[in-house]
Every structure is written in C-alpha cells, then in structure tokens.
Amino acid sequence: MNTPPDPIHFNKTVWNIVRQIPSGTVSTYGQIASMIPPPSEVDETDYVRLGAVWVGKAMNAVSSDGSSDVPWQRVINSQGGISLPEGSRAALEQRQRLESEGIQFERNGRINLNAYGWDGPNGDWLRENQLLTPRPIKKPGSDNPEQLKLF
DNA sequence: CGTTTGACTACGC
DNA sequence: CGCGTAGCCAAAC
C-alpha cells in the first residue's frame, strides 16, 4: 500500500483540507489527494490511486482518535459510497452522521455526488496552503441532480 | 517468517 | 449499472 515520503506532513495536510468541507457536503479520497502535489518520486498516473489510498490511511488515523475536529464522515469513495466494512459500527456511525447533516442515501446505499459533492476550497485558500485545484467529482453536465431532462 | 489484508480507483465486460 | 481485477506494499497476524 505504500506510504507517503513524509506521512506526518501528508496526514496534516489531508486533515487540514477535510476541515474545510462544509456540513451537508461530501468529498472523495481521490479529490482530496488531487489537491496535494504528488511527491517527485511518485509517477503522476500512479498517484491518482496511491494518493487516494494514503488519504484513506490518514482518515483511519483520525477516527481511531475519538477526540478530533476533523469531519472524517464527509470523505467517501469515488462511487459515492461508504468504504468502511459494511455493517461495521464505524460504517453505521458514518452514515448516521451524514444523514444528520441532511444528506440522503439512495437505495443502493450511495450518495448522489452531483447533489452533495464538494467543489473544493476557494482559490485563495488553496494558494495560501500551496495546494492544487481539485479534480471535479461531479459528472459533467448534470448540474441538476435528480431530474434528467430529456430533449 | 510467510500470508493476509486493506477508509482506493480506473477500466473492461 | 454492477462486479471483478490489476497495481502496490507496509503492517498486522
């Protein structure tokens, strides 16, 4: 699974970004990773997946420490689903926390990213923290979540 | 000390 | 849409 060259700094950066996610919206492992400049020793195409895994490790490090101000529940996978083991206590808590923020799950247990997906921090914040523009998690075109307009 | 196991994602059916 | 797989490799067992 590999480890970032500087795990401590990488984790701090991840947590800092996650703290920016507004209540009622969600981000993905890959989107968080896309804001962090890839280490020079890692191939950029590999980083798309590797970085996401690293973000997952960073989130794991948070939830094990109950007393944290990091809203870890707002980070889900690229499919819009919860990545914690299905039925586990942690997974149930994550779903409950998100629902209490007003987020609705679909029948297949997924969240509509077009409706609840985060667009990332504003440009100023990114620049101040020397981070990159996030990769969009919303599918192109469909700004309107539910109603797909047929012409 | 060999095996199993991941808070992932893109891609092909 | 849903399901399986490759890539990757440090830790936990």
Side-chain angles (χ1 to χ4, degrees), chain A residues 1-101 103-121 131-150:
Chain A
M1 207 178 294
N2 210 2
T3 310
D6 185 353
I8 298 177
H9 180 259
F10 185 87
N11 284 2
K12 274 185 67 176
T13 306
V14 169
W15 299 332
N16 201 19
I17 294 172
V18 173
R19 270 189 279 261
Q20 309 302 314
I21 306 175
S23 175
T25 66
V26 292
S27 183
T28 67
Y29 302 98
Q31 188 190 32
I32 302 290
S34 73
M35 297 182 217
I36 304 175
S40 55
E41 53 266 70
V42 177
D43 185 58
E44 197 164 336
T45 56
D46 292 336
Y47 179 72
V48 174
R49 286 175 276 179
L50 268 186
V53 173
W54 297 346
V55 170
K57 296 200 77 163
M59 298 315 293
N60 183 49
V62 166
S63 58
S64 59
D65 176 338
S67 60
S68 173
D69 61 339
V70 178
W72 55 270
Q73 71 273 19
R74 295 175 195 152
V75 184
I76 59 180
N77 63 41
S78 64
Q79 313 305 307
I82 288 176
S83 285
L84 289 157
E86 188 174 352
S88 69
R89 186 185 161 220
L92 292 174
E93 181 179 355
Q94 182 170 20
R95 176 166 181 146
Q96 190 175 358
R97 284 192 184 210
L98 290 172
E99 287 178 331
S100 73
E101 294 183 0
I103 292 177
Q104 294 186 7
F105 284 73
E106 305 191 348
R107 188 163 298 195
N108 56 11
R110 295 203 211 150
I111 295 170
N112 186 335
L113 293 178
N114 287 321
Y116 301 106
W118 184 42
D119 291 323
L131 296 174
L132 308 173
T133 300
R135 175 172 59 78
I137 59 178
K138 298 180 181 178
K139 290 179 182 176
S142 53
D143 238 358
N144 202 337
E146 302 295 311
Q147 310 287 8
L148 179 56
K149 297 170 184 170
L150 312 170

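Proteins get letters first, then strands, A, B, ... in listed order; numbering begins at 1 in each.
Contacts of A/Ser40 classified as side chain to side chain donor-acceptor pair (under 3.5 Å), with partners at least two apart in sequence or in another chain: none. Checked against salt bridge (charged side-chain N to carboxylate O under 4.0 Å, His left out), A/Asp6 has no partners two or more places apart in sequence or in another chain.
Between the CG atom of A/Leu50 and the C1' atom of B/dC8 there is a distance of 10 Å, rounded to whole Å. As rounded to whole Å, 9 Å separates atom P of C/dC8 from atom CG of A/Asp43. Following rounding to the nearest Å, A/Phe10 (CZ) and B/dA7 (P) show an atom-to-atom distance of 16 Å. Protein atom CG of A/Leu113 is 12 Å distant from nucleotide atom P of C/dC1, rounded to whole Å. One atom, CG of A/Asn108, and another, C1' of C/dG2, lie 10 Å apart when rounded to the nearest Å. Atom CG of A/Asn60 is separated from atom C1' of C/dA12 by 12 Å (rounded to the nearest Å). In this structure, CD1 of A/Ile36 is placed 14 Å from C1' of B/dC8, rounded to the nearest angstrom.
Atoms CD1 and CD, on A/Ile76 and A/Gln31 in that order, are 10.0 Å from each other to the nearest 0.5 Å. The distance from atom OG of A/Ser83 to atom CG of A/Asn60, rounded to the nearest 0.5 Å, is 12.0 Å.
No side-chain donor from either of A/Glu93 and A/Gln73 sits under 3.5 Å from a side-chain acceptor of the other.
Of the P atoms belonging to C/dC13 and B/dA7, the separation is 12 Å, rounded to the nearest Å. On the P atoms, C/dT5 is 15 Å away from B/dT5, given to the nearest whole Å. A gap of 16 Å separates the P atoms of B/dT4 and C/dA6, to the nearest Å.
The existence of a salt bridge linking A/Glu99 and A/Arg95 is confirmed by a sub-4.0 Å separation between a basic side-chain nitrogen and an acidic carboxylate oxygen.
In this structure, A/Arg110 reaches the C/dG2 phosphate: one of its side-chain N or O atoms is under 4.0 Å from OP1 or OP2.
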Distances under 3.5 Å between nitrogen or oxygen atoms of protein and nucleotides 9-13 of chain B:
residue : atom : partner : partner atom : Å
B/dT9   : OP1  : A/Tyr29 : N            : 3.4
B/dT9   : OP1  : A/Gly30 : N            : 2.7
B/dT9   : OP2  : A/Ser78 : N            : 2.9

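Contact detail for A/Leu132 and A/Ser34: the closest heavy-atom pair is CB-O, 3.7 Å.
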